[in-house]
Trainee: 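I'd like to ask some things about the structure below.
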Amino acid sequence: MKPTYEPQDIESRWYPAWEQSGAFRPEINPDGEPFTIVIPPPNVTGVLHMGHAINMSMQDAIIRRKRMQGYRALWLPGMDHAGIATQNVVERELAKEGISRHDLGREKFVEQVWQWKESSGRKIANQIRAMGFSCDWSRERFTLDEGLSRAVREVFVTLYEEGLIYRGNRIINWCPRCHTAISDIEVEHEEESGTLTHIRYPFSDGDGYIEVATTRPETMLGDTGVAVHPDDERYAEVVGRTVRLPLMERDIPVVADDAVAMDFGTGAVKVTPAHDPLDFEIAERQGLEPVQVIDTEAKITAAGGRFAGMDRYHARSEVVAALREDGVLGNIEEHVHSVGHCSRCKTVIEPMLSLQWFVRVQPLVGPAIAAVRDGESRFVPPRWENNYFHWMENLRDWTISRQLWWGHRIPAWYCDTCEDVIVSRVDVASCPSCGGEVYGDEDVLDTWFSSALWPFSTLGWPDETDDLATYYPTNVLVTGYDIIYFWVARMLKMGIHFTDQAPFAAIPIHGLVRAEDGRKMSKSLGNSVDPLELVENYGADPLRLTLLQAAAQGQDVPFSEEWVDASRRFGNKLWNALRFAVEHVTIGAVPADGGYPQDPAPAEQWILSRLSTVAATYDGLLEEYKFSDAVALIYNFAWSEVFDWYLEMAKAPLRNEARAAATKATLGVVLRDLLKLLHPLIPFVTEELWSELVGEGMLITAAWPQPPAYPIPPGVETLQELIVGLRRFRAEHNLGAKRLPLLIDDPQHLVADWWPAQLEALARVEPTLEAPATTTGHARIGAGPVQAFIPLAGLIDPEAECPRLRKAIADTEALLAAAHAKLHNSKFMERAPAEVVAKEQNKAADFTATLERLHSQLEQLGC
RNA sequence: GGGCGUUUAGCUCAGUCUGGUUAGAGCGCUUCCCUUACAAGGAAGAGGCCGGCGGUUCGAAUCCGUCAACGCCCACCA
């Protein structure tokens with residue numbers, strides 16, 4: 001074995017071995033109960049980021065443990081075509097060569113995107129391998145592959161037939177840069193300071209005016225009415241009259257509508273039905289016609305008169321200037337309001353009347369809410385349920401058509417002759433009603449439409465495949481809170497509607513990985529960290545351990561490279577512990593499972609008892625997805641108890657011929673189980689060390705350890721306390737590495753024959769089993785039942801020792817006083833549980849004993 | 001306008017759901033030790049009125065109320 005842990009050396013080796021062994025396939029445990037995770041498919045847009053790394057580290061920890069527990073564990077991998085995101089990326093690439101997608105035409109462009117997908121997808125798959133994630137690649141899926149496309153079409157047509165998908169002219173969010181409609185949740189609202197412009201609309205009969213206020217004066221070109229609240233007395237007289245729309249010289253009515261807020265602005269609203277959702281609703285109720293004055297480029301249309309062709313912002317200033325010139329401009333106030341931006345490109349969204357396809361979501365919501373309320377699906381931690389409920393209850397219809405080229409074509413055809421709309425599972429060549437010519441819908445579906453089907457479409461649905469029957473519904477869905485609305489909620493809705501079962505049972509939610517400055521990692525801020533770079537510099541295992549350690553439930557994860565370095569040092573420590581072990585334990589001597597000693601010696605029994613306790617607690621924490629707690633537990637157990645204590649205590653018996661064999665057996669079993677427990681977190685290094693220690697088979701297929709419970713043996717903890725006391729004594733008196741004599745008074749005969757060797761090795765003392773003739777001039781070590789003394793002559797300076805003792809006495813007195821206060825409190829004695837009272841009594845006794853000892857030391861020093 | 005999260009050691013964070021040893025970890029800091037697994041290590045330490053105030057309780061970092069600061073999400077008052 002190399003003297004140092006070099007992750008890069010070993011990590012490249014194991015993945016192919018695992019994959020070829022079939023260990024990633026659930027069939028490796030053919031008799032086990034199925035356990036399924038479907039991966040949140042990464043976008044083929046680019047490369048994996050830290051969010052993926054934490055997400056998949058959690059999934060791999062789950063699936064590897066379940067596999068070791070004998071489940072037929074499936075982790076199904078795949079990727080998402082990410083319609084708008086990927087199309088944008090490829091368009092940007094083309095733009096570098098001065099080419100637009102229109103230059104290429106649809107077919108050639110889509111070919112280009114497929115090429116991008118192939119190379120990007122390969123990169124991502126290799127990244128997943130480099131991180132050691134144990135997905136079953138034989139079942140890899142892509143949202144645009146043939147099977148999933150069939151599922152998408154089946155779902156679309158079924159929902160259409162059920163009346164849950166419809167085509168309609170409604171106000172949608174239009175991105176003038178991406179040139180497509182997007183759904184409500186793809187719009188990011190930001191507070192911006194703008195203006196509230198007041199405009200006076202004169203009555204058509206020339207008698208006065210009504211003043212409206214707007215944040216978007218340019219939309220007045222498309223006004224077809226003015227609305228006031230029906231209860232607004234200020235305007236009671238004017239409802240039903242008409243005003244003359246300035247600049248456009250068009251007569252438009254004043255109407256009364258409940259949707260108007262009396263206390264905002266002037267209480268009178270200009271109504272632009274084609275460019276505002278609220279105005280559109282008012283117009284529908286009041287019978288006002290929409291006039292589209294802004295086009296898909298965000299420029300003024302021909303309907304905008306002399307402003308036609310101007311960009312919306314240019315038009316804004318021109319319209320205001322013209323209004324001023326005409327003397328109808330009122331005040332312009334500063335006004336902070338929220339403005340919608342495209343989540344992909346940050347362009348300001350243009351609300352626009354447009355013919356699009358929609359999902360009527362309300363009928364799908366009820367069962368999806370019930371599944372979470374009734375516990376069929378469970379958010380972990382549960383606080384996300386409230387967000388989920390609130391969001392689901394206020395859902396509006398989902399705009400699913402996109403004016404893009406990359407994605408699932410909408411399976412609709414339109415007849416030129418009879419204007420029929422045909423939605424079909426199979427391609428349509430001619431109109432079934434009139435035989436006339438048809439043309440297919442040009443648009444594609446929102447990428448989240450196919451993602452919503454992911455848990456069952458990947459398993460073969462709509463066919464009744466074996467995989468679907470075996471692995472659906474899935475057990476766990478691990479995801480970040482940022483896509484609960486985009487994805488989790490929609491999977492629940494679609495999954496339940498089409499399979500009558502919630503698609504997953506548990507939904508562990510993790511936070512976002514943040515940069516060291518606490519901000520979200522992003523390329524544009526230049527503060528993002530590439531996980532692959534970290535794998536190269538520190539190794540995949542250290543990165544995984546770091547992310548899991550930081551992944552407290554649902555909280556964001558601030559990331560620092562220092563943490564990865566600390567994890568790498570843990571790997572190094574583990575490496576060296578095993579290096580020590582294999583010097584004594586020969587390969588093949590440690591069984592892959594079982595082999596727990598029947599009648600261990602005290603030190604061995606102690607570490608075995610700790611192992612069984614820790615293993616059980618650790619297992620429970622992982623079962624509850626408490627990765628951060630689980631890592632802390634196993635990390636501290638390994639380092640402080642196994643490495644710092646047990647390995648050191650094993651050294652003496654290993655040199656003792658009579659005791660070596662038993663020690664080796666325990667050493668092997670404990671380290672073997674430690675490797676097993678750590679394997680779901682850090683698979684590479686544990687597999688490598690397994691091959692050195694056990695040598696037979698691969699760890700990935702080993703059984704999860706369940707060590708039997710051992711009682712804590714008497715004496716070991718007493719010895720440890722004595723050793724700690726001696727070390728403290730040495731440190732406090734700056735005694736260096738000097739060997740010290742130690743006199744032990746053992747009236748209770750607690751000291752076992754193996755103590756002297758341990759004391760010599762771990763405390764650098766020469767113990768003698770005899771009480772000192774007088775304790776004067778000796779320091780009493782520890783407070784336990786075994787009394788140990790160090791002769792002080794020539795060792796220490798009383799001048800330095802006395803103040804230290806006095807401080808220790810003061811500290812202990814304070815603690816004792818606190819304990820006594822409780823014990824003398826009759827209410828505490830009455831109401832606290834007996835075990836708490838007993839603890840407090842023990843504390844008081846300990847403090848009293850310590851005080852006695854300290855006082856006697858003080859006397860002996862003569863200060 | 002609603003809702004949520006955070007506030008604990010010099011720094012970055014656990015612990016709070018389920019109240020009970022002397023509140024933990026990593027990094028940093030101090031002292032000692034090159035002991036044959038590991039100096040990328042070992043040993044021993046220093047450092048905290050657990051954001052403020054009030055309450056419940058025998059007992060509060062933990063439960064309740066309130067205030068403050070920071071952050072996030074949602075929302076059709078133009």
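The chains referred to below are lettered A, B, ... by the order of the sequence lines, with proteins before strands, and numbering in each begins at 1. Just the heavy atoms: all of them, side chains too, but no hydrogens, waters or symmetry mates, feed the values below. The model shown is predicted, which means the values in this text are computed figures rather than measured ones.
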Trainee: Of all the choices, B/rG20, B/rA75, B/rC38, which nucleotide is nearest to the side chain of A/E648 once you look at every atom?
Mentor: B/rC38

Trainee: Side-chain donor or acceptor of A/E6 under 3.5 Å from a matching atom on the base of B/rA40?
Mentor: no

Trainee: Starting from the 5' end of RNA chain B, give me the residue, A/T215 or A/P3, whose nearest nucleotide shows up first.
Mentor: A/P3

Trainee: Decide, yes or no, whether a salt bridge links A/R312 with A/E218 under the criterion of side-chain N to carboxylate O below 4.0 Å.
Mentor: no

Trainee: Taking only the C1' atom of each, what is the distance from B/rA23 to B/rG59 in whole angstrom?
Mentor: 16 Å

Trainee: Looking only at atom P, what distance separates B/rC11 and B/rG28, rounded to whole Å?
Mentor: 16 Å

Trainee: Under the ring pair (Phe, Tyr, Trp, His ring centres under 6.0 Å) criterion, do A/Y635 and A/W639 qualify, and how do the steps go?
Mentor: CA-CA 6 Å; A/Y635 184 104; A/W639 204 313; 5.7 Å; yes

Trainee: If the P atom of B/rG20 is compared with that of B/rA46, how far apart are they to the nearest Å?
Mentor: 25 Å

Trainee: Give a yes/no answer on whether the side chain of A/R383 brings an N or O atom under 4.0 Å of OP1 or OP2 in B/rC17.
Mentor: no

Trainee: Would you say a side-chain N or O of A/K738 is under 4.0 Å from OP1 or OP2 of B/rC33?
Mentor: no

Trainee: With a 3.5 Å cut-off and no angle check, do the side chains of A/T219 and A/K270 form a donor-acceptor pair?
Mentor: yes

Trainee: Considering every strand and a 4.0 Å limit on heavy-atom distances, what is the contact class for A/D644: base, sugar-phosphate, or nothing?
Mentor: sugar-phosphate

Trainee: Looking at every strand, decide which applies to A/A577 at a 4.0 Å heavy-atom threshold: base, sugar-phosphate, or nothing.
Mentor: base

Trainee: So A/W639, base contact, sugar-phosphate only, or nothing? Heavy-atom distance under 4.0 Å.
Mentor: sugar-phosphate

Trainee: Can you see if the side chain of A/R569 gets near the phosphate of B/rG26 - specifically, an N or O under 4.0 Å from OP1 or OP2?
Mentor: no

Trainee: If the P atom of B/rU35 is compared with that of B/rG41, how far apart are they to the nearest Å?
Mentor: 16 Å

Trainee: Where do A/R234 and A/G267 come nearest, in terms of heavy atoms and distance?
Mentor: NH2-CA, 3.8 Å

Trainee: Do you know the tightest heavy-atom contact between A/H510 and A/G51?
Mentor: CE1-O, 4.3 Å

Trainee: Using ring pair (Phe, Tyr, Trp, His ring centres under 6.0 Å), reason through A/F358 and A/W398 one step at a time and then give a plain yes or no.
Mentor: CA-CA 5 Å; A/F358 300 90; A/W398 173 18; over 10 Å; no

Trainee: Can you see which heavy atom on A/P217 is nearest to which on A/T197, and at what distance?
Mentor: CG-OG1, 3.9 Å

Trainee: Are any of the side-chain nitrogens in A/K2 or A/E688 under 4.0 Å away from the carboxylate oxygens of its partner?
Mentor: no

Trainee: Base, sugar-phosphate alone, or nothing: which one does A/Q555 contact when heavy atoms must sit under 4.0 Å apart?
Mentor: sugar-phosphate

Trainee: Which part of the nucleic acid does A/D629 contact within heavy-atom distance under 4.0 Å: base, sugar-phosphate only, or nothing?
Mentor: sugar-phosphate

Trainee: Hey, what are the protein-to-nucleotides 30-32 of chain B N/O distances that come in under 3.5 Å?
Mentor:
residue, atom, partner, partner atom, Å
B/rU31, O2', A/N734, OD1, 3.1

Trainee: Give one of base, sugar-phosphate or nothing for A/V271, where a contact means two heavy atoms less than 4.0 Å apart.
Mentor: nothing

Trainee: Supply the atom-to-atom distance A/L547 CG to A/F627 CZ, rounded to the nearest 0.5 angstrom.
Mentor: 12.0 Å

Trainee: Base, sugar-phosphate alone, or nothing: which one does A/F847 contact when heavy atoms must sit under 4.0 Å apart?
Mentor: base

Trainee: Base, sugar-phosphate, or nothing for A/S560, non-hydrogen atoms under 4.0 angstrom?
Mentor: nothing

Trainee: Quote, to the nearest angstrom, the C1' distance that separates B/rA61 from B/rA9.
Mentor: 14 Å

Trainee: Identify whether any heavy atom of A/F643 sits under 4.0 Å from a base atom; if not, whether one sits that close to sugar-phosphate; answer base, sugar-phosphate or nothing.
Mentor: base

Trainee: Report the distance from atom CG of A/D223 to atom CG of A/D276, rounding to the nearest 0.5 Å.
Mentor: 10.0 Å

Trainee: Under a 3.5 Å cut-off on both pairing distances, which runs of 3 or more consecutive Watson-Crick or G-U pairs involve RNA chain B?
Mentor: B:1-7 with B:68-74, B:10-13 with B:24-27, B:29-33 with B:41-45, B:51-55 with B:63-67

Trainee: If you take all heavy atoms of A/W575 and A/V685, which pair is closest and at what distance?
Mentor: CE3-CG2, 4.1 Å

Trainee: Touch check for A/E281, heavy atoms < 4.0 angstrom, all strands: base, sugar-phosphate only, or nothing?
Mentor: nothing

Trainee: Base, sugar-phosphate alone, or nothing: which one does A/P381 contact when heavy atoms must sit under 4.0 Å apart?
Mentor: nothing

Trainee: For a quick check, tell me whether the side chain of A/K626 and the base of B/rA14 share a donor-acceptor pair closer than 3.5 Å.
Mentor: no

Trainee: Can A/E281 and A/R170 be said to form a salt bridge (Lys or Arg N to Asp or Glu O under 4.0 Å), step by step?
Mentor: CA-CA 10 Å; A/E281 284 172 24; A/R170 297 187 34 183; over 6 Å; no

Trainee: Work out how far the C1' atom of B/rG48 is from that of B/rU7, and round it to whole angstrom.
Mentor: 14 Å

Trainee: Under 4.0 Å, counting only non-hydrogen atoms across every strand here, what does A/R514 touch: a base, just sugar-phosphate, or nothing?
Mentor: nothing

Trainee: Considering every strand and a 4.0 Å limit on heavy-atom distances, what is the contact class for A/P277: base, sugar-phosphate, or nothing?
Mentor: nothing

Trainee: Answer with base, sugar-phosphate or nothing: what part of the nucleic acid does A/T4 contact at a heavy-atom distance below 4.0 Å?
Mentor: base

Trainee: Between B/rC63 and B/rG19, how many Å separate the two C1' atoms, rounded to a whole number?
Mentor: 7 Å

Trainee: In whole Å, measure the gap between the P atoms of B/rG42 and B/rC27 for me.
Mentor: 10 Å

